[in-house]
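Each remark here refers to the structure printed beneath this line.
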Number of protein chains: 2
Amino acid sequence: MMTANRPYKLVLDRLNGVGLRPTRQRLGLARLLFEGCDRHVTAEQLHGEALSADLRVSLATVYNTLNQFTEAGLLREVVVEAGKSYFDTNTSEHHHFFLENTGRLEDIPGDHLVVQSLPKAPVGTRIARVDVIVRLVEDASPATAPFCD
Amino acid sequence: MMTANRPYKLVLDRLNGVGLRPTRQRLGLARLLFEGCDRHVTAEQLHGEALSADLRVSLATVYNTLNQFTEAGLLREVVVEAGKSYFDTNTSEHHHFFLENTGRLEDIPGDHLVVQSLPKAPVGTRIARVDVIVRLVEDASPATAPFCD
DNA sequence: CGCAGTCTTTAGAGTTCTTCCAGATTGTTG
DNA sequence: CAACAATCTGGAAGAACTCTAAAGACTGCG
Ligand SMILES: [Mn+2]
Ligand SMILES: [Mn+2]
Ligand SMILES: [Zn+2]
Ligand SMILES: [Zn+2]
């Protein structure tokens, strides 16, 4: 669209950086994932985007690629609903809003949310990750009188 | 084992309280769920327990019952892994440890954990629930050499 | 009681999401 | 460019549910 080579180079470096062979499919998927702003996608979604972008790739390869990228630390998997995985291009520590109506997953902006006084992990274990999911539902009345919390 | 009637009465009242007809299956499952301490079970697990306890019940009924109990507020569903639901007999507000190795889900004791400065929900939405999952992994090597990032 | 109407259970089929498989293709190395 | 391992692919398989249709269980009423 605006660029043809430079960004290619960037994702190429990223693949090389984690030791994944830069195949046509992986490069294409990586561009879809990493060339824009941060995203939260499902495998089906990404597969659809790939096909729209004329990147021929099977769904199995999309799953393989998402899992490989996750193992390599380029993505992070977020579980919000039984039976559906989201892959997050933002791998830094952060938490999520989940819009139950639409199924959209969004980052909670800034450093708003803080988890305090985490108990220590039981003996023999250590904390691998803390996930906070704030589940949102559509507000009942649209334009109502103000409402005191 | 130790009691035969009294506890039956308790779960019976509980079913009546939420307007669910006290069938053999629902009573049996309710006893397994509510007569001991708080639990976090999957449908398959509970089905296995039911069979062991000589309660003949199909897996479909276990799913139906868990979903009905959840709708009725007797249980709460917790999602920790894509493709697997846990049902929690503790319906009060609390958070969880998830032991990734064993697949066990446990309550975080006391009021240890606090989520602070939750951002306000985006317009048109309201917060339905906040889930915190602390993922634990088996502690690797106890004393390893330090490692610079 | 005895039957009707309604709710519940069930086996098995269907769905959805994801992984596996085995043969074909591609990327890399020399 | 040949050789070989890594990768890709469509379709089959798997896992976790959900639905369907028919049989069975409760309940209220006569
Ligand atoms: Mn995965
Ligand atoms: Mn459910
Ligand atoms: Zn995110
Ligand atoms: Zn719990």
Side-chain angles (χ1 to χ4, degrees), chain A residues 8-9 11-32 40-51 53-72 74-75 77-87 103 105, chain B residues 8 11-30 32 40-51 53-72 74-75 77-87 103 105:
Chain A
Y8 239 107
K9 179 67 165 49
V11 298
L12 210 178
D13 289 345
R14 193 132 35 156
L15 292 186
N16 286 326
V18 297
L20 288 172
R21 216 140 85 165
T23 65
R24 181 172 55 78
Q25 290 83 346
R26 291 213 273 236
L27 272 171
L29 294 174
R31 295 192 64 184
L32 289 172
H40 303 85
V41 299
T42 65
E44 280 287 358
Q45 252 170 54
L46 185 62
H47 186 229
E49 288 180 26
L51 297 187
D54 271 311
L55 170 65
R56 257 175 314 88
V57 63
S58 73
L59 184 56
T61 297
V62 173
Y63 274 106
N64 287 341
T65 303
L66 287 171
N67 286 328
Q68 289 156 351
F69 284 8
T70 301
E71 268 168 53
L74 303 181
L75 290 176
E77 192 174 354
V78 183
V79 176
V80 283
E81 282 188 312
K84 195 178 255 177
S85 284
Y86 287 74
F87 293 86
L105 187 68
Chain B
Y8 239 106
V11 298
L12 209 178
D13 289 346
R14 190 127 44 151
L15 290 187
N16 286 326
V18 298
L20 288 172
R21 232 187 225 176
T23 64
R24 180 172 55 80
Q25 290 83 345
R26 291 212 275 235
L27 273 171
L29 294 174
L32 289 173
H40 303 85
V41 299
T42 65
E44 280 287 358
Q45 251 170 53
L46 185 62
H47 186 229
E49 288 181 26
L51 297 187
D54 270 311
L55 170 66
R56 257 175 316 87
V57 63
S58 74
L59 183 57
T61 297
V62 173
Y63 275 107
N64 288 341
T65 303
L66 288 171
N67 285 328
Q68 290 156 350
F69 285 7
T70 301
E71 268 168 53
L74 303 181
L75 291 176
E77 192 174 355
V78 183
V79 176
V80 284
E81 282 189 314
K84 195 177 257 176
S85 285
Y86 286 75
F87 293 86
L105 188 68

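Hydrogens, waters and symmetry mates are skipped; everything else that's a heavy atom, side chains included, is used. A quick note: this is a predicted structure, and the numbers were derived from the prediction, not measured.
Phosphate contact (OP1/OP2 of dT25(C), side-chain N/O of Gln25(A), threshold under 4.0 Å): absent. For the OP1/OP2 pair of dC17(D) and a distance below 4.0 Å, the side-chain nitrogens and oxygens of Ser85(B) include at least one atom meeting the criterion. A sub-4.0 Å separation between OP1 or OP2 of dT19(C) and a side-chain N or O of Asn67(A) is present. Taking only side-chain nitrogens and oxygens, Tyr63(A) never comes nearer than 4.0 Å to OP1 or OP2 of dT19(C). The phosphate of dC8(D) has neither OP1 nor OP2 within less than 4.0 Å of any side-chain N or O from Arg24(A). In this structure, Thr23(B) reaches the dT9(C) phosphate: one of its side-chain N or O atoms is under 4.0 Å from OP1 or OP2. Between Ser58(A) and dT9(D), a side-chain N or O to OP1/OP2 separation shorter than 4.0 Å is present.
Heavy atoms from other residues, nucleotides or ligands lying under 6.0 Å from CZ of Arg56(B) number 12 at most.
We find that NZ of Lys84(B) is positioned 15 Å from C1' of dT18(C), with the value rounded to whole Å. Straight-line distance from the CD atom of Glu81(A) to the P atom of dA16(D): 17 Å, rounded to whole Å.
Nearest-nucleotide positions on DNA chain D place Gly19(A) closer to the 5' end than the other of Leu59(A) and Gly19(A).
With distances taken from any side-chain atom of Arg21(B) to the nucleotides dT9(D), dC26(D), dA5(D), the minimum falls on dC26(D). Here dT7(D) is the nucleotide among dT9(D), dT7(D), dT10(C) with the atom lying nearest to any side-chain atom of Arg26(A).
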